[in-house]
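A short worksheet on the structure shown next.
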Protein chains: 2
Amino acid sequence: MDTRKRIIKVAKSLFHNRSYADVGIKEICDKADIQKGSFYHFFSAKRDLVLAVIEEFAEDWAHGFVHEAFDPDLPPMERIDYLIDAAYFWQKAAKNLEGHMPGCLFGNLALEISTQDDVLRAKLSAVFHMARERFKSTLDEAVASKIIAPLDTQRTAEAMLAYLEGMILIAKASNDPETIYRLGSALKSIRIEINA
Amino acid sequence: MDTRKRIIKVAKSLFHNRSYADVGIKEICDKADIQKGSFYHFFSAKRDLVLAVIEEFAEDWAHGFVHEAFDPDLPPMERIDYLIDAAYFWQKAAKNLEGHMPGCLFGNLALEISTQDDVLRAKLSAVFHMARERFKSTLDEAVASKIIAPLDTQRTAEAMLAYLEGMILIAKASNDPETIYRLGSALKSIRIEINA
DNA sequence: ATTATAGTTGACCGACCGGTCAAGTCAAGA
DNA sequence: TCTTGACTTGACCGGTCGGTCAACTATAAT
């Protein structure tokens, strides 16, 4: 009954902390305390599993700390600060637990499999699209409230997401969560003008 | 005599277009027209190979288009435009050849293996450090020439590199080089103030 | 009580993985 | 001419990979 969820949970953790290709189905089954045959009752292939992992974690993410960060009760631009803080503490906590910064599951998977599976690539792209929309509506609100000067909110939102992912990438490469703290303040300074 | 170089060249291309874990030594040997035994004459392990690949491509990169982009004869901030252009055209050309945007070799490897091999992680971090120094000296020059207002050049350089990698990540996830073109203009708007 | 169905087990498959090795080729130095 | 050592060959290793399957159990509807 909860077997499927347990598989996804274990896989999510392993994929996030290592990589898709490096984690075998055997290991997932062992850690989830099930047999291989049981695994293939729920998933037709490893590819199916990672798809489910992406979908479920995207959901978790959207309703978890992203939802908290983009809290409508917060002033728009403070939500972005909150997001940086959340990312920083999350990565720091993960490093303390595992010894390594895992980075962003979606970013990791995107770079690993985008060239190899177009469906998975599109799924990941959709997750980024969703995140971008959060930034965009926040920016729209900030512009409408005259908190910031008008700008191309669509593109700026995309740029902010890119910067967030890039920060996490660099931080992971140096295995230093402080990188996020150090670079986070520049996120709000990113602007793409309307006519550009 | 050129066997070693041929191995590295083939491996570089395969790692870049797929991933480290997904490419086997057999395939590398086949594409390089050698036997496995020959491979292990030059490299003691697969890990050794990827280390050599990182080192050599970092060299290529530094003396290749990065060197061109950070041309001392260009006005400082134009070098950054040039870099974006170069990244855009390179990724676009690669996509036309292979059907997929390969992204940045270093970024790809960093996210794939940073949690699994600390030596490789440090090597990749060093490559990013080198790139960051390019940005920093460009910014220092721009500040000295009063082209831009004083800022924390160290951190801003790091932030610019992060943004560059993030743009490429998002572009790869959507398999659309135009993303780089669309977001590139924001690179120069990134600022981290001195006191922050 | 019977049947259908969901879930589970554990042995099994061929292919491929990274890596080894003994045997040989070949060019340069003595 | 003989020896050395870099280089190459191709068969081979144990282990693991993703995936299959027939048999079994448990549950629930008929």
Side-chain angles (χ1 to χ4, degrees), chain A residues 1-56 105 108-109 112-121 123, chain B residues 1-56 105 108-109 112-121 123:
Chain A
M1 47 191 77
D2 59 345
T3 304
R4 196 188 129 98
K5 296 231 167 195
R6 211 163 62 246
I7 295 171
I8 290 179
K9 194 177 155 195
V10 167
K12 183 164 71 185
S13 162
L14 290 172
F15 289 157
H16 196 172
N17 284 293
R18 307 235 292 283
S19 76
Y20 174 64
D22 192 61
V23 175
I25 287 166
K26 176 81 186 327
E27 185 180 1
I28 293 169
C29 291
D30 288 350
K31 291 230 162 81
D33 264 312
I34 54 155
Q35 301 295 328
K36 247 196 199 177
S38 222
F39 173 90
Y40 280 97
H41 176 73
F42 293 102
F43 302 98
S44 67
K46 189 185 182 188
R47 202 199 94 126
D48 252 46
L49 168 65
V50 73
L51 218 142
V53 165
I54 292 167
E55 272 169 10
E56 198 179 289
L105 173 68
N108 296 351
L109 289 175
E112 184 180 0
I113 54 189
S114 280
T115 59
Q116 298 181 59
D117 189 310
D118 223 55
V119 174
L120 291 177
R121 204 217 77 240
K123 261 278 187 270
Chain B
M1 48 190 80
D2 60 343
T3 303
R4 195 189 131 97
K5 296 230 168 196
R6 212 163 63 245
I7 294 171
I8 290 180
K9 194 177 156 194
V10 167
K12 182 165 71 187
S13 162
L14 290 173
F15 289 157
H16 196 172
N17 284 294
R18 307 235 292 281
S19 76
Y20 174 63
D22 192 60
V23 175
I25 287 166
K26 176 80 187 326
E27 184 180 0
I28 293 169
C29 291
D30 288 350
K31 290 231 162 80
D33 265 313
I34 54 155
Q35 301 296 329
K36 245 196 198 178
S38 222
F39 173 90
Y40 280 97
H41 176 74
F42 293 102
F43 302 97
S44 66
K46 190 186 181 187
R47 203 198 94 125
D48 252 46
L49 169 65
V50 73
L51 218 142
V53 165
I54 292 167
E55 273 168 8
E56 199 181 287
L105 173 67
N108 296 352
L109 289 175
E112 184 180 0
I113 55 189
S114 280
T115 58
Q116 300 183 56
D117 189 311
D118 222 55
V119 174
L120 291 177
R121 204 218 76 239
K123 262 276 189 273

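None of these values were measured; they are calculated from a predicted model. Every chain is numbered from 1, with letters handed out A, B, ... down the list of sequences.
In this structure, Asp30(B) places its CG atom 14 Å from C1' of dT9(D), rounding to the nearest Å. Taking atom CG of Asp33(A) as the reference point, atom P of dG7(C) lies 18 Å away to the nearest angstrom. Spacing between atom CD1 of Ile28(B) and atom C1' of dC17(C) amounts to 12 Å, rounded to whole angstrom units. Here the P atom of nucleotide dA6(C) and the CD1 atom of Ile34(A) are 18 Å apart, to the nearest Å. In this structure, Phe43(B) atom CZ and dT20(C) atom P are separated by 15 Å, rounded to whole Å. Taking atom CD on Gln35(A) and atom P on dG18(D), their separation rounds to 16 Å, with Å as the unit. Protein atom NZ of Lys26(A) is 16 Å distant from nucleotide atom P of dG19(D), rounded to whole Å.
Electrostatic pairing of Arg121(A) and Asp117(A) does not count as a salt bridge here, judged by no charged N lying under 4.0 Å from a carboxylate O.
For Ile25(B), taking side-chain heavy atoms from C-beta onward, the closest of the listed nucleotides dT8(D), dG18(C), dT8(C) is dG18(C). Of the candidates dC17(C), dG18(C), dG7(C), the closest approach to any side-chain atom of Phe42(A) belongs to dG7(C). Listed candidates were dG19(D), dT8(D), dT9(C). Nearest to the side chain of Ala45(A) is dG19(D). The side chain of Thr3(B) sits closest to dT8(D) out of dT8(D), dT20(D), dT8(C).
Counting distance only, with no hydrogens placed and no angle test, the side-chain atoms of Lys36(A) and the base atoms of dG10(C) include no donor-acceptor pair under 3.5 Å.
The number of heavy atoms from other shown groups lying within 6.0 Å of NZ (Lys123(B)) does not exceed 12.
Checking side-chain atoms of Glu112(B) against main-chain N and O of Ala21(B) turns up a donor-acceptor pair under 3.5 Å. A side-chain donor-acceptor contact under 3.5 Å links Lys46(B) to the backbone of Val23(B).
Across all strands, Gly24(B) comes closer than 4.0 Å only to sugar-phosphate atoms, never to a base (heavy-atom distances).
When the nearest nucleotides of DNA chain D are assigned to Phe39(B) and Tyr20(A) by heavy-atom distance, the more 5′-ward of the two goes with Phe39(B).
When the side-chain nitrogen and oxygen atoms of His41(A) are compared with OP1 and OP2 of dT8(C), none of them lie within a distance under 4.0 Å. The shortest distance between the side-chain N/O atoms of Tyr40(A) and the OP1/OP2 oxygens of dG19(D) is below 4.0 Å. Put simply, Lys46(B) has a side-chain N or O that comes within less than 4.0 Å of OP1 or OP2 on dG18(C).
When each of Arg6(B), Lys5(B), Arg4(B) is paired with Asp2(B), the salt bridge (Lys or Arg N to Asp or Glu O under 4.0 Å) condition holds for Arg6(B) and for no other.
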